[in-house]
Amino acid sequence: MSGFRSPHCGSLGASDDRLEVDLYGWVARRRDHGGLIFIDLRDRWGAVQVVFNPTKAPEAHAAASELRAEYVVRVKGVVGRRPAGSENPRMATGEVEVTASELEVINKSETTPFPIEDQEEPDEKTRLEHRYLDLRRPRMTRMLELRSRVNKLIRDYMDREEFIEVETPILTRSSPSGARDFLVPSRLHPGSFYALPQAPQMLKQLLMVSGVQRYYQIARCFRDENLRADRQPEFTQLDVEMSFCDEEDVFSLIEGLFSELWREVLGVELKTPFERMDIKESLLRFGTDKPDLRYDLEIADVGSVLAGTKAQIFRSALDAGGVVRGMRVPGGRDLARRDLDELVTVAKGAGGKGLAWLPGSSIDKFLSAEELAGIMSATGAGDDDLVLLVADRRRKAETVMGLIRQEVARRRHLIREDEWKFLWINPTYLFDEDDAGKLTYAHHPFTRPFEDDMSFVEDRPYDVRAHAYDIVLNGYELGGGSLRIYDPTMQERVFQLLGMPLETIRDRFGTLLRAFTYGVPPHGGIAPGIDRIVMMLGGTDNIRDVIAFPKTQSMSDLMLGAPSGVDPAQLEELRIRVVPPPNPST
RNA sequence: GGUCCCGUGGUGUAGCCUGGCCAAACACGCGGCCCUGUCAAGGCCGAGAACGCCGGUUCGAAUCCGGUCGGGACCGCCA
């Protein structure tokens, strides 16, 4: 077998005229004319037409009539320009064809469970069950290549910027970020467990104490949380941490990286620096912390206009401390009742109570002329425009409006599909409210607050800004990070504000805090998600398309059948006993 | 934990709302035969699904109802 060094089917062209070749690949298609037989021979690089001529090579021709789709074959022959008029401009190799002299069937193939082609996609279940065949489809092969290329571009770039790649353990310890851990039982320490890293957060900070100064890693991360179209339980981050840096250093590093990726992969020049926006502004105007700025719809607060309103839905929301938000739909007066009903369904699907609109829904008769005018002016609505309104608790109203904004843009084709709207969400805020209404950290407890803002932390803790940032592109959060606290006094202050017991602090963050007593440099970092970057570059809206062997929404691997039961002896050795679920299904 | 969509031959769809004309249609694929310039090759012939599963309503269910399993989108969750 010498196929490894033989020319690639997909890379042949006019310059290979009269080249004798020894080709290896899969039969993509067979066109049998009784006399001539054509096959398209495919390898990773593409496909080329092979001709079997009964008069020139009778044996090969006879063998070729037995060929079927996806047979693995070796073809010896000569590359030649196609006869005038029979070139195929739709094929990359369409100027040439290979006239076969010998054919060897290396392996036959059963009829595949779905066609190996890009035109029609079988459903997700079938694709995942036979992922090895799904990846054979040119589109998926391109995704694998793209991802590999992105990884290389990243490594080259980070190397040029004098970062070093350091690998951190996969068997590690539960970390301070908020997701559920995947646990791995320890055989040598029965009853103890390793956790798979949610991110190498603490380790990369420790590497700063080690004096690495510029660290990166293409790091696999694990989070046992529910899946989404852009979320898998295991995913890959470009984990970055650097010493003696400020935000601008992080921003320009990442802007440089994205510029390089977009230039090299897509030939697109990005405008830098990227736009920046305060998180609160983003939530108000766009209803999300990862706004898609490729369309201009904006949300407005109309609460003040309705402060004295008698309209029940608004009255009760405002009285309960909630908000009323409105959005103008340009030219939206032409929306059919059916469209509006569907928007209401979207709102309810997001957990909202509903959706009102002006003019038209029954609420306008409960609004005064001043209120109506006020809403129109607050949302900037004109005579042809419709205004959509949501009244709810602030966070819920934002979510609902954010989704409505997305849906309206999609339905009315307002999205400028060719744009790349990068955005830094910065600054953000140090604290957040937990379910019980108590102060909690918005990022993690090492996030550095704005020094000056600490003067009013007692009175208005939620207004304390943090040196934290997210990088957003076209409605996707590509990554986030922060500058970290390096001053022990500041760190103590934050822990104290969070009301964390000393015991908890020592248990969860002890290693880092001890390390910090030995001379810690100011440092900060960021972690862009590589899966999502590849999604963007690959033009797909699904993370499964950029992961070779992804899991389903219920976290199964349909190909391998994972997760699965294990041999009782294994459990025995690990000293684990499985307790049946409280409500056994029978 | 919740809401919504989907599940029909190997694949993709139609049929389902408005039950009987559906042991189910179309295209691709598959098998056979014919065909020397096609490239989604073409022509002719043929095989292949009781409609995810269980139960109910009904004289009658792919079609209606309930449950269940599986896939997907979203909210919560997760940066």
Side-chain angles (χ1 to χ4, degrees), chain A residues 28-40 47-56 61 68-70 82-91 93-94 97 99 110-130 133 177-180 198-199 201 221-233 235 237 279 289-290 342 345-352 395-396 399-400 402-403 406-407 425 428 432 435 442-444 468-472 476-482 526-529 532 541-542 544 551-554 556 558 585-586:
Chain A
R29 233 170 208 115
R30 180 179 60 114
R31 293 177 292 281
D32 188 342
H33 288 232
L36 290 180
I37 296 172
F38 299 94
I39 65 167
D40 294 335
V48 68
Q49 172 164 286
V50 178
V51 195
F52 295 91
N53 189 318
T55 59
K56 291 183 184 162
H61 179 270
R68 296 293 182 272
E70 302 309 317
R82 294 193 186 191
S86 67
E87 300 88 352
N88 184 352
R90 288 189 306 168
M91 220 171 161
T93 61
E97 63 190 6
T99 303
E110 297 292 321
T111 302
T112 52
F114 51 84
I116 309 301
E117 59 176 34
D118 288 342
Q119 283 71 283
E120 275 176 356
E121 291 220 324
D123 72 31
E124 203 69 30
K125 189 182 176 212
T126 313
R127 291 176 63 192
L128 292 178
E129 278 167 357
H130 306 272
L133 293 179
S177 54
R180 212 173 276 118
Q198 298 180 17
Q201 183 59 42
C221 304
F222 305 85
R223 290 177 194 167
D224 188 3
E225 294 295 342
N226 292 323
L227 284 73
R228 287 288 187 282
D230 62 351
R231 264 164 46 186
Q232 281 274 308
F235 59 101
Q237 286 188 337
I279 177 77
D289 56 1
K290 41 181 173 22
E342 283 168 2
T345 307
V346 171
K348 287 189 172 157
R395 204 46 272 248
K396 180 56 73 183
T399 302
V400 171
L403 286 167
Q406 231 176 57
E407 188 64 23
I425 295 292
T428 63
D432 217 344
D435 298 331
H443 309 273
H444 61 76
Y469 31 80
D470 280 351
I471 177 74
V472 170
Y476 287 88
E477 183 205 307
L478 292 188
S482 63
I526 188 165
R532 289 181 188 166
D541 57 7
N542 199 299
R544 291 185 300 273
K551 305 226 177 349
T552 66
Q553 195 156 65
S554 55
S556 300
L558 296 180
S585 53
T586 34

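These numbers come from a predicted model, not from an experiment.
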Sub-4.5 Å side-chain heavy-atom contact between Gln198(A) and Phe222(A):
no

Can a side chain N or O of Thr399(A) be found less than 4.0 Å away from OP1 or OP2 on rG76(B)?
yes

Pick the closest RNA chain B nucleotide for Lys551(A) and for Gly479(A) by heavy atoms, then say which residue is nearer the 5' end.
Lys551(A)

Select base, sugar-phosphate, or nothing to describe what Asn226(A) touches, counting heavy atoms under 4.0 Å on all strands.
base

Within the pair Arg29(A) and rA41(B), is there a side-chain N or O less than 4.0 Å away from OP1 or OP2?
yes

For Asn542(A) and rG72(B), is the shortest distance between a side-chain N/O and OP1 or OP2 below 4.0 Å?
no

Does rG15(B) have a Watson-Crick or wobble mate here (both distances under 3.5 Å), and if so which one?
rU8(B)

Sugar-phosphate, base or nothing in reach of Lys348(A), heavy atoms under 4.0 Å
nothing

Is there a side-chain contact between Asp224(A) and Pro233(A) in this structure, where contact means two heavy atoms from C-beta onward sitting under 4.5 Å apart?
no

Is there a side-chain contact between Arg29(A) and Glu117(A) in this structure, where contact means two heavy atoms from C-beta onward sitting under 4.5 Å apart?
yes

Which part of the nucleic acid, if any, lies within reach of Leu558(A) when heavy atoms closer than 4.0 Å are counted: base, sugar-phosphate only, or nothing?
sugar-phosphate

Testing rG12(B), rC75(B), rC77(B) for proximity to the side chain of Ala350(A), the answer is rC75(B)

Is the phosphate of rC78(B) approached by Gln198(A) (side-chain N or O, under 4.0 Å from OP1 or OP2)?
no

How is Glu120(A) classified with respect to the nucleic acid when contacts are heavy atoms under 4.0 Å: base, sugar-phosphate, or nothing?
sugar-phosphate

Has Thr552(A) got a side-chain N or O lying under 4.0 Å from the OP1 or OP2 atom of rG71(B)?
yes

Is there a side-chain contact between Leu558(A) and Lys125(A) (heavy atoms, below 4.5 Å)?
yes

Whether Arg127(A) contacts rG12(B) is assessed here as follows: a side-chain N or O lying under 4.0 Å from the phosphate OP1 or OP2. Is that the case?
no

Do Leu128(A) and Thr552(A) have side chains that get closer than 4.5 Å, going by heavy atoms?
yes

Find out whether Leu36(A) and Arg31(A) are in side-chain contact, i.e. whether some heavy atom of one side chain is under 4.5 Å from a heavy atom of the other.
no

Could you go through nucleotides 33-38 of chain B and list every protein N or O atom that sits under 3.5 Å from one of its N or O atoms, giving the distance for each pair?
unit_1	atom_1	unit_2	atom_2	d
rC35(B)	N1	His33(A)	O	3.4
rC35(B)	O2	His33(A)	O	3.4
rC35(B)	N3	Asp32(A)	O	3.2
rC35(B)	N3	Gly34(A)	N	3.3
rU36(B)	OP2	His33(A)	O	3.4
rU36(B)	OP2	Gly35(A)	N	3.2
rG37(B)	N1	Glu97(A)	OE2	3.0
rG37(B)	N2	Glu97(A)	OE1	2.5
rG37(B)	N2	Glu97(A)	OE2	3.0
rU38(B)	O4'	His33(A)	NE2	3.3
rU38(B)	O2	Arg31(A)	NE	2.6
rU38(B)	O2	Arg31(A)	NH2	3.4
rU38(B)	O2	Gln49(A)	OE1	3.4
rU38(B)	N3	Gln49(A)	OE1	2.8
rU38(B)	N3	Gln49(A)	NE2	3.0
rU38(B)	O4	Gln49(A)	NE2	2.7
rU38(B)	O4	Arg82(A)	NH1	3.2

Is the phosphate of rG71(B) approached by Ser554(A) (side-chain N or O, under 4.0 Å from OP1 or OP2)?
yes

If you measure from the P atom in rG48(B) to the same atom in rC6(B), how many Å do you get, rounded?
31 Å

Determine whether a donor-acceptor pair (one donor, one acceptor, N or O, separation below 3.5 Å) exists between the side chain of Asp40(A) and the base of rC39(B).
no

Per the atom types in the model, does the base of rC77(B) pair as donor or acceptor with the side chain of Arg223(A) at under 3.5 Å?
no

Would you say the side chains of Gln553(A) and Arg231(A) form a donor-acceptor pair under 3.5 Å?
no

Find out whether Asp470(A) and Lys290(A) are in side-chain contact, i.e. whether some heavy atom of one side chain is under 4.5 Å from a heavy atom of the other.
no

In whole Å, what separates the C1' atom of rC17(B) from that of rC53(B)?
24 Å

What about Arg228(A): does its side chain form a donor-acceptor pair under 3.5 Å with the base of rG76(B)?
yes

By the 4.0 Å heavy-atom rule, please label Ala442(A) as base, sugar-phosphate, or nothing.
base

Where the side chain of Glu124(A) is defined as all heavy atoms beyond and including C-beta, which of rG71(B), rG76(B), rA73(B) is the nearest nucleotide?
rG71(B)

By nearest-nucleotide position on RNA chain B, the 5'-leaning member of Arg30(A) and Gly481(A) is Arg30(A)

Between Arg90(A) and rA40(B), is there a side-chain N or O to OP1/OP2 distance below 4.0 Å?
yes

